[in-house]
Amino acid sequence: MKILVVGGGGREHAIITKIKQNKNVEKIYALPGNGGIARDAECVNIGAKDIDAIVAFAVENSIDYAIVAPDDPLVLGCVDALEAKGIPCFGPKANAAIIEGSKVFSKELMKKYGIPTAACEVFDNVDDALKYMETAPIPTVIKADGLALGKGVIIAFTREEAVNAVKSMMCDKAFGKSGDRIVVEEFLEGPEVSVLSFTDGKTVVPMISSMDHKRIGDNDTGLNTGGMGTVAPNPYYTDEIADLCMKTIFKPTIDAMNREGRSFKGCLYFGLMLTKDGPKVIEYNCRFGDPETQVVLPLLESDLLTVMQATTNGTLAETEVKFRDKHATCVIMASKGYPESYEKGFEISIPDDIADNVFVAGGAIKDGKLVTSGGRVLGATAIADTLPEAIEKSYSMVDRIKFDNSYYRRDIGARALKAWEVK
Ligand code: AMP
Ligand code: GLY
């Protein structure tokens with residue numbers, strides 16, 4: 001089979017590493033991929049948002065199955081366009097990807113179908129939003145409606161911060177058109193859990209749970225990032241909570257999307273907060289999370305391509321999806337300065353014996369060498385029988401991976417370890 005993977009980050013590298021294990025796969029193309037992915041797939045310089053060029057490439061190269069990984073092409077209708085040419089895909093159509101593409105849509109969906117989430121108000125007019133801020137409960141959470149590279153959420157701890165957030169989104173257009181409408185949300189508290197799931201629109205199969213570390217600094221300080229590390233499973237997510245989430249969140253969401261005529265197929269990501277009033281949805285993503293994928297997929301025992309095809313064919317109920325009873329951790333190594341400005345172009349050295357467990361996000365080939373080309377450069381994933389061993393193994397990998405100006409958090413897994421120890 002010839003497989004096409006749209007995207008070019010650590011998530012796509014983890015997907016490709018897993019897909020390669022299927023014996024029927026003869027060739028994998030990554031569009032655009034990156035310098036590190038080039039080790040495992042043929043990278044083609046077509047951007048993930050260039051839907052016309054992606055479709056033309058897929059047709060010309062007789063692609064048998066396409067995996068559309070990032071949010072942008074999904075929301076732009078990449079799956080619709082490929083399927084129109086007869087190419088089966090992993091991923092939702094645009095009318096279902098809206099569950100991530102519009103926070104207003106997802107909040108209204110949850111409200112209509114009684115799915116637990118933070119209470120909210122929606123504004124498309126700056127004067128109304130500013131007036132609301134005069135009496136809103138503080139802290140408050142302000143979210144741009146559309147996609148914003150994971151940065152469109154501001155938690156305001158004072159009224160002044162809340163007013164500034166509204167102005168920056170609605171007047172200064174900090175996130176472009178994504179801020180034309182905003183959602184102002186109740187501030188929730190509790191441990192956060194990421195649950196990625198496979199779904200064919202009828203059956204929903206949650207993957208092993210995970211925990212992201214979104215802030216740049218140790219002890220969850222500093223700016224928000226795309227994610228600085230992950231652990232799986234998430235020790236806060238007990239079997240009882242998992243059962244409750246299936247009943248109150250996962251199944252109701254799949255049913256709600258069907259009722260709206262927006263059947264969701266692919267990976268539906270549930271970002272949850274375990275509040276004292278029960279689990280609530282913080283966000284939906286219409287795709288695999290990153291860096292969650294870098295711990296979840298290495299723990300998948302079943303064949304990934306087979307499971308993906310089952311989501312496309314509607315046969316997920318008859319397909320085995322099994323995870324190993326182990327622990328995985330991923331430490332992201334970034335360029336110093338990220339998520340703000342940083343230098344790039346530094347040579348990366350990854351020892352051969354660990355390269356299969358290093359997923360490259362920001363790497364390019366220059367003069368035949370792998371060099372840094374992005375903020376998040378790579379993820380070092382380790383698997384072990386226990387969480388403390390997995391953490392130690394990840395950091396010993398990090399010690400052996402070298403590039404100038406590297407930065408990483410030293411406390412990935414520390415919070416999970418506290419919960420794990422009391423279990
Ligand atoms: P999102 O991009 O929607 O995942 O939001 C980024 C982060 O903001 C989340 O991972 C949470 O830590 C935080 N967050 C989002 N919504 C809320 C909320 N209603 N209450 C508290 N924290 C939130
Ligand atoms: N790690 C969070 C996300 O992929 O959105």
Side-chain angles (χ1 to χ4, degrees), residues 7 9-12 14-15 69-72 74-75 97 99-107 110 116-121 136-157 161-162 165 169 175 178-179 182-197 207 209-216 220-232 234 236 267-277 279-297 330 332 334 339 359 361 375-376 379 412 415:
R11 162 184 56 207
E12 287 76 9
I15 291 172
D71 45 8
D72 278 316
L74 290 166
V75 170
I99 199 165
E100 174 172 3
S102 167
K103 292 216 194 289
V104 173
F105 171 85
S106 69
K107 294 301 286 191
M110 288 186 270
T117 187
C120 81
E121 300 282 335
I138 297 290
T140 191
V141 183
I142 300 131
K143 302 185 173 184
D145 175 41
L147 297 179
L149 294 171
K151 293 180 188 149
V153 175
I154 295 174
I155 300 178
F157 289 94
E161 277 172 20
M169 285 186 197
F175 307 110
S178 288
I182 61 166
V183 171
V184 181
E185 228 178 60
E186 170 197 10
F187 176 74
L188 299 178
E189 285 176 280
E192 284 187 57
V193 183
S194 305
V195 180
L196 285 58
S197 70
M207 300 181 218
S209 62
S210 54
M211 181 192 285
D212 195 1
H213 297 68
K214 286 211 162 98
R215 303 294 200 91
I216 188 70
D220 299 319
T221 52
L223 293 173
N224 250 322
T225 69
M228 294 303 295
T230 35
V231 309
N234 184 322
Y236 289 102
C267 173
L268 182 53
Y269 167 127
F270 300 90
L272 307 174
M273 197 171 270
L274 308 180
T275 75
K276 61 178 178 9
D277 302 321
K280 295 193 179 181
V281 177
I282 288 280
E283 62 161 346
Y284 292 116
N285 290 328
C286 64
R287 50 166 175 92
F288 282 100
D290 199 0
E292 286 89 339
T293 305
Q294 301 183 48
V295 284
V296 169
L297 289 187
C330 171
I332 298 294
F359 304 120
R376 287 192 296 174
I412 299 303
R415 206 158 17 102

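Just so you know, ligand 1 is whichever comes first in the structure, and atom 1 is the first atom listed for that ligand.
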Would you kindly specify which portion of [X] sits under 4.0 Å from ligand 1, judged on non-hydrogen atoms: side chain, backbone, both or neither?
{"X": "Arg215", "answer": "neither"}
{"X": "Glu186", "answer": "backbone"}
{"X": "Ile155", "answer": "side chain"}
{"X": "Val141", "answer": "side chain"}

Atoms of ligand 1 less than 4.0 Å from [X] heavy atoms?
{"X": "Glu283", "answer": "1 (P), 2 (O), 3 (O), 4 (O)"}
{"X": "Lys214", "answer": "4 (O), 10 (O)"}
{"X": "Lys143", "answer": "3 (O), 15 (C), 16 (N)"}
{"X": "Lys103", "answer": "3 (O)"}
{"X": "Glu192", "answer": "9 (C), 10 (O), 11 (C), 12 (O)"}

Which atoms of ligand 2 sit under 4.0 Å from any heavy atom of [X]?
{"X": "Gly289", "result": "4 (O)"}
{"X": "Asp212", "result": "1 (N), 2 (C)"}
{"X": "Gly226", "result": "1 (N)"}
{"X": "Asn285", "result": "3 (C), 5 (O)"}

_Criterion side chain to side chain donor-acceptor pair (under 3.5 Å) against Thr117, the qualifying member of Lys107, Glu186, Lys280_ = Lys107

Between [X] (side chain only) and [Y] (backbone N and O only), is there a donor and an acceptor less than 3.5 Å apart?
{"X": "Thr230", "Y": "Met211", "value": "no"}
{"X": "Arg11", "Y": "Gly289", "value": "no"}
{"X": "Asn234", "Y": "Tyr236", "value": "yes"}
{"X": "His213", "Y": "Gly229", "value": "yes"}
{"X": "Glu100", "Y": "Ala97", "value": "no"}
{"X": "Ser106", "Y": "Lys103", "value": "yes"}
{"X": "Arg215", "Y": "Gly222", "value": "yes"}

For [atom], the protein heavy atom that lies nearest, with its residue and separation:
{"atom": "atom 20 (N) of ligand 1", "answer": "Leu188 N, 2.8 Å"}
{"atom": "atom 5 (O) of ligand 1", "answer": "Val153 CG2, 3.5 Å"}
{"atom": "atom 17 (C) of ligand 1", "answer": "Ile282 CD1, 3.6 Å"}
{"atom": "atom 19 (N) of ligand 1", "answer": "Glu185 OE1, 2.7 Å"}

*Between Arg287 and ligand 2, is there a nitrogen or oxygen pair with a distance under 3.5 Å?*
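Min N/O separation from ligand 2 is below 3.5 Å for Arg287.
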
*Return a yes/no value for Glu283: is any of its N or O atoms, backbone included, closer than 3.5 angstrom to an N or O of ligand 2?*
no

Can a non-hydrogen atom of [X] be found less than 4.0 Å from any atom of ligand 2?
{"X": "Gly271", "result": "no"}
{"X": "Gly227", "result": "no"}
{"X": "Tyr269", "result": "yes"}

*Taking NZ, NE, NH1 and NH2 as the nitrogens, is one of them in Asp220 or Lys214 under 4.0 Å from a carboxylate oxygen of the other?*
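A salt bridge is absent here (no side-chain N lies under 4.0 Å from a carboxylate O).
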
*Do Ser194 and Glu292 have a side chain donor and acceptor closer than 3.5 Å?*
yes

*Within a strict 4.5 Å, meaning less than it, do heavy atoms of the Glu185 and Lys143 side chains meet?*
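Counting from C-beta outward, Glu185 and Lys143 do come under 4.5 Å.
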
*Would you mind reporting whether Pro116 and Met110 have side-chain heavy atoms less than 4.5 Å apart?*
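Not in contact.
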
*Can you measure from OH (Tyr284) to CG (Leu268) and round to the nearest 0.5 angstrom?*
7.0 Å

